[in-house]
There are 2 protein chains.
Amino acid sequence: MTKQSVHQHEIQVTVDIVVLTVDDQKLKVLLIQRGIAPFKGQFALPGGFVLANETLDAAAFRELSEETGTENVYLEQLYTFGDPKRDPRGRVVTVAYYALVPAGNSPLLAGTDAAAAGWFGVDELPVVAFDHPKIIGYAVNRLRNKLEYTSVGFELLPKKFTLTKLQMLHEAILGRSLDKRNFRRKILSTGLLIASKEMEITGRKPARLYAFRNLK
Amino acid sequence: MTKQSVHQHEIQVTVDIVVLTVDDQKLKVLLIQRGIAPFKGQFALPGGFVLANETLDAAAFRELSEETGTENVYLEQLYTFGDPKRDPRGRVVTVAYYALVPAGNSPLLAGTDAAAAGWFGVDELPVVAFDHPKIIGYAVNRLRNKLEYTSVGFELLPKKFTLTKLQMLHEAILGRSLDKRNFRRKILSTGLLIASKEMEITGRKPARLYAFRNLK
DNA sequence: CCAAAAGTGTTAGGAGTACACCCATGG
DNA sequence: CCATGGGTGTACTCCTAACACTTTTGG
């Protein structure tokens, strides 16, 4: 920012977004199959170039909307990757984001150079282009950490949900099982949940539905 | 990364480094007085453009060395700031880093456009250019959090130090006082410290010197 | 012997963890 | 009446936090 003004026109800036969801008891990431070189046919994270007059956050939201039709999601900057060799086309610095979406909420519109898209379990990834496997790893770690010492994960569920659903969500993200009584005691003691009067009628004993207290 | 290849030559990429130290019982940041416009005469973080063939980390190390003569320090990527209006000269995305240096270890060489440099208590900042006050705030928060749930702060002390020095360091970073007995019990129980046989002879009762177990 | 900083244990409360049974419903 | 998932309490351990006096040295 200080120092001499060497102009670095060679560097391009992109955003890439690790869209995560939990479905079928698995933590999954949204990948798009590339229709163009390089890595044509391989899967990659949604993302694209940052435009001249938008913030980085705005670029991430825009790409997410354009490439996957996903809107109104939780989005957080993750880390910036800038190895000179990370993109064979030239020098590209990418600001990685991660997003959380409720299961079954992504229309998955294919973009111009995206032949196909799909959800993949983070432990069952296909061949993924660029340094995107590393970026996905960062996102998974971040989500797990956040879940440990904040009370997140809310963004991955519908407005009303049972405690069992919430617990299964946590288990899927953390990759281990949790004690039912301890989980309920802890999550209820945070005061972040409000019990609704509705029950989920599931064929067996009805389960109470909860909602998150509208923080902010 | 996917999507159409709109070239964004307008964006420039810099690194800015929040160099932190603890001196005189205060958490301080290294600022350089700008010798050129914009914000001439104001203080700013050391930093500069990322070169064509270096990683972001390498750029941060290089700028730190060039502008302040600081070498071999702890350095970690913090966050990336990309508001289109953050730099009046044009579109500049900056990858912010923070560095930790032991007190009194920075030669503070003035760079070409840096008329002067100095350490400022993070609660007593002068007028600071760009969005650098915000970046400093991010760094201070990150350091405080890291100190809470990892056992960091090691990088801010000389190789050998007394437990009282270490405690004062923690107190300066956290901005509150800590109980001596609890602090010692906790820090010693981590096994990260090794007691040397040397004592610091300070005029009063001698204090044992400790060192950090060479992790990594 | 006085001033100054080093060094040292115990107790109480809260958080986390392990663990097993009864309940309500639909079929 | 049975199968299925919903729902509940207690005991133990460990970590944290509060709290005060003795020791060693130099002057």
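Letters A, B, ... are given to chains in the order of the sequence lines, protein chains preceding strands, and every chain is numbered from 1.
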Requested in this report: Please identify each residue that fulfils salt bridge (Lys or Arg N to Asp or Glu O under 4.0 Å) with B:E171, with sequence neighbours left out.
Outcome: none
Query raised in the report: Is the side chain of A:E54 donor-acceptor paired with the backbone N or O of A:L51 at a distance under 3.5 Å, no angle test?
Result: yes
**Report entry** nucleotides 12-21 of chain D: protein proximity per nucleotide (B base, S sugar-phosphate only, - neither; heavy atom, under 4.0 Å)
**Finding:** -----BBBB-
Report task. First locate atom CE of A:M168, then atom CZ of A:F161, and finally report the distance between them rounded to the nearest 0.5 Å. Result -> 12.0 Å
Listed pairs under 3.5 Å, donor-acceptor, residues 172-180 of chain A side chains, sequence neighbours left out:
unit_1, atom_1, unit_2, atom_2, d
A:D179, OD2, A:R181, N, 3.1
A:D179, OD2, A:N182, N, 2.9
A:D179, OD2, A:N182, ND2, 3.3

Query raised in the report: Can you name the residues that form a ring pair (Phe, Tyr, Trp, His ring centres under 6.0 Å) with A:Y97, not counting sequence neighbours?
Result: none
Query raised in the report: When the distance from CZ of A:F183 to P of D:dG9 is rounded to whole Å, what number comes out?
Result: 18 Å
Query raised in the report: How many Å lie between CG on A:L166 and C1' on D:dG6, as a whole number?
Result: 15 Å
Give me the distances for all protein-to-nucleotides 22-27 of chain D N/O pairs that come in under 3.5 Å?
unit_1, atom_1, unit_2, atom_2, d
D:dT23, O2, B:K205, NZ, 3.2
D:dG26, O4', B:G203, O, 2.6

Query raised in the report: With a non-hydrogen cut-off below 4.0 angstrom, is B:R208 in contact with a base, only sugar-phosphate, or nothing?
Result: sugar-phosphate
**Report entry** side chain to side chain donor-acceptor pair (under 3.5 Å) partners for B:E124, two or more places apart
**Finding:** B:K26
**Report entry** Main-chain N/O of B:L78 paired to B:R142 side chain as donor or acceptor, under 3.5 Å
**Finding:** yes
Report task. Taking salt bridge (Lys or Arg N to Asp or Glu O under 4.0 Å) as the test, write out the residues that go with A:K160, two or more places apart. Result -> A:E198
Query - Distance in Å, B:H132 NE2 paired with B:F81 CZ, rounded so as to fall on 0.5 Å steps - result: 9.5 Å
Requested in this report: Figure out the CD/P separation between A:E200 and D:dT4, and round it to whole Å.
Outcome: 18 Å
Query - Results of ring pair (Phe, Tyr, Trp, His ring centres under 6.0 Å) for A:F183 - residues two or more places apart only - result: A:H170
Report task. Tell me what A:T162 touches on the nucleic acid: a base, only sugar-phosphate, or nothing, going by heavy atoms under 4.0 Å. Result -> nothing
Requested in this report: Kindly calculate the angle separating the two end axes of the helix from C:dC1-D:dG27 to C:dG27-D:dC1, each obtained from five base pairs, and round it to 10 degrees.
Outcome: 10°
**Report entry** Neighbour count >12 (heavy atoms, 6.0 Å) for atom CG, A:D24
**Finding:** yes
Query raised in the report: What are the 5'-most and 3'-most nucleotides of DNA chain C lying under 4.0 Å from any heavy atom of chain B?
Result: C:dA4 to C:dT10
**Report entry** Partners passing side chain to side chain contact (heavy atoms under 4.5 Å, CB included) against A:L163 (at least two apart in sequence or in another chain)
**Finding:** A:R184, A:I187, A:L188, A:L193, A:Y210
Requested in this report: Give a yes/no on whether any side-chain N or O of A:T164 is located under 4.0 angstrom from OP1 or OP2 of D:dG6.
Outcome: yes
Query - Partner set under side chain to side chain contact (heavy atoms under 4.5 Å, CB included) for A:K205, not counting sequence neighbours - result: none
Query raised in the report: When the distance from CD of A:Q167 to C1' of D:dT8 is rounded to whole Å, what number comes out?
Result: 14 Å
